[in-house]
Protein chains: 2
Amino acid sequence: MKLGNMSVPGDCARISPILSRVGDKWATLVILVLSEGPKRYGVLRREIESISQRMLTVTLRALERDGLVSRRVLAEKNPPQVEYSLTELGESLIEPLFALCQWSALNVDEIERRRAAHDARAEGEEVG
Amino acid sequence: MKLGNMSVPGDCARISPILSRVGDKWATLVILVLSEGPKRYGVLRREIESISQRMLTVTLRALERDGLVSRRVLAEKNPPQVEYSLTELGESLIEPLFALCQWSALNVDEIERRRAAHDARAEGEEVG
DNA sequence: CGGGATCCTTTGCGATACTG
DNA sequence: CAGTATCGCAAAGGATCCCG
């Protein structure tokens with residue numbers, strides 16, 4: 001495999017930490033939701049129903065640290081308002097991320113079928 | 001966001017488990033390495049240096065279960081030989097996965113710079 | 001060689017409570 | 001509203017030993 005001047009497995013040590021970030025379930029979801037535009041903390045929390053407030057904060061901090069997301073304080077005092085948005089770097093990620101999501105959306109049924117079939121087969125072998 | 005007839009966050013509950021699989025660090029690396037062609041267990045282990053034999057086995061089983069990888073026993077007896085390869089479904093994944101890797105390869109330096117800058121700033125605030 | 005089984009440490013993450 | 005801090009369980013994953 002060639003990735004520019006990189007190769008797998010040669011430099012997979014270098015890109016795998018980035019893939020960990022990009023591949024992180026919560027980070028992915030946050031980026032996807034923010035691809036619709038800037039959103040406030042509470043909105044993010046409500047739109048990603050399954051996320052806990054702890055993980056949302058942790059994820060946002062990590063994404064901010066990597067320069068993928070930026071944080072703006074709209075109102076310092078009560079009620080405080082904080083808005084999150086994608087940076088340019090973050091926006092450059094949404095295209096390849098969308099591609100992956102589209103693949104997922106397209107193949108989720110197929111994968112679930114295969115999984116069920118595989119499990120059924122395995123159970124049959126147990127008995128026989 | 002629109003993904004065919006899906007939307008985030010509406011159906012993110014359905015695609016996020018798939019993203020978990022696809023985004024999984026080990027699974028991703030295995031698929032990338034297998035994109036070069038069928039490989040035997042030991043070869044995979046050597047090419048993905050950082051992986052433990054336990055995680056390689058676990059990952060291969062999971063990918064096989066989802067129908068992304070197929071397992072062929074070449075020689076039953078000693079020494080046993082087992083070959084792993086991508087299924088068609090698995091191969092259909094490498095294009096979007098490559099795109100993501102290329103993004104990673106392209107932006108790993110930038111991200112590391114931003115991370116370092118962010119950490120330096122945070123340390124300065126601690127003191128000041 | 002290609003694993004399976006077991007142990008044990010580390011990490012992820014939810015729940016809860018508190019704050020400006 | 002937008003977090004921070006702490007606790008504690010459950011899952012991830014490395015190390016090691018064993019086997020056909």
Side-chain angles (χ1 to χ4, degrees), chain A residues 12-13 16-17 19-30 33-34 38-66 69-85 118-119 122-123 125-126, chain B residues 9 12-13 16-30 33-34 38-66 69-85 118 122 125-126:
Chain A
C12 77
S16 75
L19 283 179
S20 292
R21 155 123 330 292
V22 160
D24 176 64
K25 178 187 171 186
W26 299 126
T28 308
L29 288 176
V30 166
V33 170
L34 281 181
K39 310 225 172 178
R40 287 176 52 189
Y41 184 88
V43 176
L44 284 172
R45 236 197 118 175
R46 255 168 283 122
E47 297 205 348
I48 312 176
E49 315 167 41
S50 52
I51 202 169
S52 69
Q53 130 266 43
R54 181 181 174 277
M55 282 319 291
L56 178 55
T57 301
V58 168
T59 301
L60 285 170
R61 295 285 173 271
L63 289 174
E64 195 190 355
R65 179 169 178 248
D66 288 352
V69 160
S70 71
R71 177 178 183 270
R72 270 187 65 205
V73 177
L74 299 180
E76 200 71 50
K77 284 257 179 173
N78 279 342
Q81 292 183 16
V82 179
E83 188 186 79
Y84 291 93
S85 56
H118 181 96
D119 291 355
E123 205 165 321
E125 287 171 19
E126 260 184 72
Chain B
C12 77
S16 74
I18 308 296
L19 281 179
S20 292
R21 154 123 332 290
V22 160
D24 176 65
K25 179 186 171 187
W26 297 128
T28 308
L29 289 176
V30 166
V33 170
L34 281 182
K39 310 222 174 182
R40 289 178 50 190
Y41 184 90
V43 175
L44 285 172
R45 235 195 118 176
R46 254 168 282 123
E47 297 203 349
I48 312 175
E49 315 168 42
S50 52
I51 201 170
S52 67
Q53 131 266 43
R54 181 180 174 278
M55 283 319 291
L56 178 55
T57 301
V58 168
T59 302
L60 286 170
R61 294 287 172 271
L63 289 174
E64 195 191 354
R65 179 169 178 248
D66 288 352
V69 160
S70 70
R71 177 178 183 269
R72 272 187 62 205
V73 178
L74 300 180
E76 199 72 48
K77 284 254 180 172
N78 277 341
Q81 294 183 16
V82 179
E83 188 186 78
Y84 291 92
S85 55
H118 182 95
E125 286 171 20
E126 258 185 75

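Every chain is numbered from 1 and lettered A, B, ... according to where its sequence line falls, protein lines coming before strand lines. Just so you know, these numbers use all the heavy atoms, side chains as well, and skip hydrogens, waters and symmetry mates.
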Margin query: Quick check: closest heavy atoms across A:P79 and A:A75, and the distance to 0.1 Å?
Written below: O-CB, 4.3 Å
Notebook entry, point to check: Taking five pairs at each end of the helix from C:dC1-D:dG20 to C:dG20-D:dC1, what angle separates the two helix axes (nearest 10°)?
Noted result: 40°
Next item on the list: Starting at atom CZ of A:R72, determine the distance to atom C1' of D:dC1, rounded to an integer number of angstrom.
Entry: 17 Å
Note to self: Testing the basics here: between A:E64 and B:H118, what is the closest heavy-atom pair and its distance to 0.1 Å?
What the structure shows: O-ND1, 4.1 Å
Check: Can you check whether A:R71 has a side-chain N or O nearer than 4.0 Å to OP1 or OP2 of D:dA2?
Finding: no
Item checked: For atom CD of A:E64 and atom P of D:dA2, their distance in whole Å -> 15 Å
Notebook entry, point to check: Which is true for B:R45 with a 4.0 Å heavy-atom rule: it touches a base, it touches only sugar-phosphate, or it touches nothing?
Noted result: nothing
Notebook entry, point to check: Please give, in whole Å, the distance from D:dG3 P to A:Q81 CD?
Noted result: 12 Å
Next item on the list: Measure the distance from CZ on B:R46 to C1' on C:dG2 and round it to the nearest whole Å.
Entry: 12 Å
Notebook entry, point to check: Nearest 0.5 Å, what's the CZ-OG distance between A:R71 and A:S85?
Noted result: 12.0 Å
Checklist line | For atom OH of B:Y84 and atom C1' of C:dG3, their distance in whole Å | finding: 8 Å
Next item on the list: Assign each of A:T57 and A:P80 to its nearest nucleotide of DNA chain D by heavy atoms, then name whichever residue's nucleotide is nearer the 5' end.
Entry: A:P80
Check: Does A:T28 use its side chain to pair, donor to acceptor, with the backbone of A:V22 at less than 3.5 Å?
Finding: yes
Next item on the list: May I ask you to decide if B:Q53's main-chain N or O and B:Y41's side chain share a donor-acceptor pair within less than 3.5 Å?
Entry: yes
Check: Rounded to the nearest 0.5 Å, what separation is found between the CH2 atom of B:W26 and the OG atom of B:S52?
Finding: 7.0 Å
Notebook entry, point to check: Out of C:dG20, D:dG3, C:dG3, which nucleotide sits closest to the side chain of A:N78?
Noted result: C:dG20
Under 3.5 Å, which protein N or O atoms sit close to an N or O of nucleotides 11-15 of chain C? Give each pair with its distance.
{"unit_1": "C:dG14", "atom_1": "OP2", "unit_2": "A:S52", "atom_2": "OG", "d": "2.6"}
{"unit_1": "C:dG14", "atom_1": "O6", "unit_2": "A:R54", "atom_2": "NE", "d": "3.2"}

Check: Taking CZ from A:R61 and P from D:dA5, how many angstroms apart are they, rounded to a whole number?
Finding: 11 Å
Note to self: Take a 6.0 Å sphere around CZ of B:R61 and say whether it holds more than 12 heavy atoms from other residues, nucleotides or ligands.
What the structure shows: yes
Item checked: Among A:L44, A:I51, A:V43, the one residue meeting side-chain contact (heavy atoms from CB on, under 4.5 Å) with A:E47 -> A:V43
Next item on the list: Using whole Å, report how far CG of B:L56 lies from P of C:dG3.
Entry: 8 Å
Margin query: If the cut-off is 4.0 Å, is A:Y41 near the phosphate of D:dT4, judged by side-chain N/O to OP1 or OP2?
Written below: no
Margin query: Using every non-hydrogen atom in the two residues, find where B:L74 and B:E83 come nearest and quote the distance to one decimal.
Written below: CD1-CB, 3.9 Å
Next item on the list: Take atom NZ of B:K77 and atom P of C:dG3, then tell me their distance rounded to the nearest Å.
Entry: 15 Å
